[in-house]
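All values below were derived from every heavy atom in this structure, side-chain atoms included, with hydrogens, water molecules and symmetry-related copies excluded. If you're wondering where the values come from, they're calculated on a predicted model, not measured in any experiment. Throughout, protein chains are lettered first and strands after them, A, B, ... in sequence-line order, and every chain is numbered starting at 1.
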Number of protein chains: 2
Amino acid sequence: MADTSGKPDNGSLPAPDGEPDPLAILPGYTLRRAANAMMAELGTLLSEVDLRVSEASILLLIDGRDTMTSSQIGTALDIRSANMAPLIGRLVTRGLVERVPLDGKSMAIILTVEGEATLHEVRRITQTFEQDLLQRIPTEHRDHFVPALNALWR
Amino acid sequence: MADTSGKPDNGSLPAPDGEPDPLAILPGYTLRRAANAMMAELGTLLSEVDLRVSEASILLLIDGRDTMTSSQIGTALDIRSANMAPLIGRLVTRGLVERVPLDGKSMAIILTVEGEATLHEVRRITQTFEQDLLQRIPTEHRDHFVPALNALWR
DNA sequence: TATTGTTATACTCTATAACTATA
DNA sequence: TATAGTTATAGAGTATAACAATA
């Protein structure tokens, strides 16, 4: 008998006493908490240029590409086409991107001059953010971070 | 001069050609993508017991604790009290937890017998999920995963 | 005065369905 | 027929403000 404590078996989670958050040993839970914390932080940083994380991602993605369609962007970023429409629409309204017809059906989403200027600010913000994020990870774990995460979705 | 390609400097991101997703080298971006993918998967698994991830987290958290209040749960899981009310309300309606007055102001959220039975199913689902998640991470990165993530929010 | 808990509300993200137009 | 794009809509998650009741 391994358990002589008299407490009920709660599935190998730490005992209630002395551990404020027994879920913190679960990989999926820690993944969710870390992502939520980091994206909230990035969202705050990006509010400086009045962009959401998804919008900034689009700007970063289409830079240097002049034939990328809305559906291609959606595929790359895992955003449904129905959700791409209002997303691109807002960027167009703000003058950051424009729709350029490729043929009668497809339209390339390209940066405007103003969009490129905003993207420059986005790069400044995200590069600082990404560096700070990595700095917070202890050195012995740092190089394992991106490879481990990429194994979960790529 | 490091760049003789004639392409514009796009902030050290990979060149457009040959890389379908140049954002995949960014720690924050990979963190978001991995978390979204894993939580979507967990959500699908938990639909078997008609629970959302946040609801399952509450059941896992309060097990073995009989004096945990709504605000304490919210603090532990980073859920605002205004959002705890409808969350707990749904669990009460479904008969999985009940509110037990601690004093005139505070109420403990405790599992009902039915809630414990459901929690047993939740444990089966989440343990399988967590194991599968870890299995997908290459062995050399696996032990670094939770420590790295916990450094970002704990 | 601070804390617990609630209601109302709104914004974002995400998802499906239905539709138009073009390849 | 399949693809590109749009609109409408709904379900979650999350945020603030305002409020009542109690410590």
Side-chain angles (χ1 to χ4, degrees), chain A residues 29 31-33 35-47 50-58 62 67-94 97-110 153, chain B residues 29 31-33 35-47 50-58 62 67-94 97-110 153:
Chain A
Y29 178 77
L31 175 59
R32 184 165 78 121
R33 291 299 297 267
N36 287 348
M38 290 298 98
M39 287 308 109
E41 195 168 310
L42 179 56
T44 299
L45 293 173
L46 285 172
S47 67
D50 191 23
L51 287 175
R52 290 166 286 191
V53 174
S54 56
E55 295 170 334
S57 301
I58 292 174
I62 67 177
T67 60
M68 200 157 198
T69 66
S70 177
S71 59
Q72 286 173 334
I73 297 169
T75 299
L77 299 180
D78 195 27
I79 304 174
R80 305 299 173 101
S81 61
N83 298 325
M84 284 299 301
L87 209 44
I88 298 295
R90 182 165 181 264
L91 294 176
V92 170
T93 299
R94 290 192 49 191
V97 306
E98 55 187 353
R99 290 183 243 245
V100 176
L102 290 176
D103 55 35
K105 186 165 71 170
S106 299
M107 285 184 287
I109 310 298
I110 65 170
W153 68 278
Chain B
Y29 178 76
L31 175 59
R32 184 165 77 121
R33 292 297 297 268
N36 287 347
M38 289 300 98
M39 288 308 109
E41 193 167 311
L42 179 56
T44 299
L45 293 173
L46 285 172
S47 66
D50 191 23
L51 287 176
R52 290 165 285 191
V53 174
S54 56
E55 295 170 335
S57 300
I58 291 174
I62 66 176
T67 60
M68 200 154 198
T69 66
S70 177
S71 60
Q72 286 173 332
I73 296 169
T75 298
L77 299 181
D78 195 29
I79 303 174
R80 306 297 173 98
S81 61
N83 298 324
M84 284 300 300
L87 208 45
I88 298 295
R90 182 165 182 262
L91 294 176
V92 170
T93 300
R94 291 193 48 190
V97 306
E98 55 188 352
R99 292 184 241 245
V100 177
L102 289 177
D103 54 36
K105 185 165 69 170
S106 301
M107 285 184 287
I109 311 297
I110 64 169
W153 68 277

| Which whole-number value in Å describes the distance from A/Ile79 CD1 to C/dA15 P? | 10 Å

| query | Should B/Leu51 and B/Leu91 count as side-chain neighbours, where that means a heavy-atom distance under 4.5 Å? | reply | yes

Atom pairs under 3.5 Å: protein N/O with N/O of nucleotides 10-12 of chain C:
unit_1 : atom_1 : unit_2  : atom_2 : d
C/dT12 : O5'    : A/Arg52 : NH1    : 3.3

| Student check: side-chain heavy atoms of A/Arg99 and A/Ile88 closer than 4.5 Å | yes

| query | With nearest nucleotides of DNA chain C determined for A/Gly104 and A/Leu87 from heavy-atom distances, which residue corresponds to the more 5′ nucleotide? | reply | A/Leu87

| message | I need the B/Leu31 CG to B/Arg33 CZ distance, nearest 0.5 Å. | response | 12.5 Å

| Listed by chain and number, what are the side-chain hydrogen bond (donor to acceptor under 3.5 Å, both in side chains) partners of A/Arg52, not counting sequence neighbours? | A/Glu55

| note | Whole-Å distance, A/Leu91 CG to D/dT6 P, equals 12 Å

| task | Determine the contact category for B/Asp78: base if any of its heavy atoms lies under 4.0 Å from a base atom, sugar-phosphate if only primed atoms, P, OP1 or OP2 are that close, otherwise nothing. | result | nothing

| message | In this structure, how many angstroms lie between the P atom of D/dA4 and the CD1 atom of A/Ile73, rounded? | response | 13 Å

| query | Which distance, rounded to the nearest 0.5 Å, do you find between the OG of A/Ser54 and the CE of A/Met39? | reply | 11.5 Å

| remark: When rounded to whole Å, the CZ to C1' distance for the pair A/Arg80 and D/dA4 reads 16 Å

| query | Any donor and acceptor pair, going by atom type alone, linking the side chain of A/Arg94 with main-chain N or O of A/Gly89 inside 3.5 Å? | reply | no

| query | Atom CG of A/Leu77 and atom C1' of C/dT14: how far apart are they, to the nearest Å? | reply | 14 Å

Could you go through nucleotides 4-7 of chain C and list every protein N or O atom that sits under 3.5 Å from one of its N or O atoms, giving the distance for each pair?
unit_1 : atom_1 : unit_2   : atom_2 : d
C/dG5  : OP1    : B/Met107 : N      : 2.8
C/dG5  : OP1    : B/Met107 : O      : 3.3
C/dG5  : OP2    : B/Ser71  : N      : 3.0
C/dG5  : OP2    : B/Ser71  : OG     : 3.1
C/dT6  : OP1    : B/Arg99  : NH1    : 2.9

| query | Does anything in residues 67-80 of chain A pair up under salt bridge (Lys or Arg N to Asp or Glu O under 4.0 Å), and if so which pairs, sequence neighbours excluded? | reply | none

| Starting at CD of A/Glu55 and ending at P of C/dT14, how long is that distance when rounded to a whole Å? | 12 Å

For residues 67-77 of chain B, which side-chain N or O atoms pair as donor and acceptor with protein atoms under 3.5 Å away, sequence neighbours left out?
unit_1  : atom_1 : unit_2  : atom_2 : d
B/Thr69 : OG1    : B/Ser71 : OG     : 3.2
B/Thr69 : OG1    : B/Gln72 : N      : 3.2
B/Gln72 : OE1    : B/Thr69 : N      : 3.0
B/Thr75 : OG1    : B/Ser71 : O      : 2.9

What donor-acceptor contacts under 3.5 angstrom involve side-chain atoms of residues 101-109 of chain A, with partners at least two apart or in another chain?
unit_1   : atom_1 : unit_2   : atom_2 : d
A/Asp103 : OD1    : A/Lys105 : N      : 2.7
A/Asp103 : OD1    : A/Ser106 : N      : 2.7

| query | Atom CD1 of A/Ile109 to atom P of D/dA4: distance rounded to whole Å? | reply | 13 Å

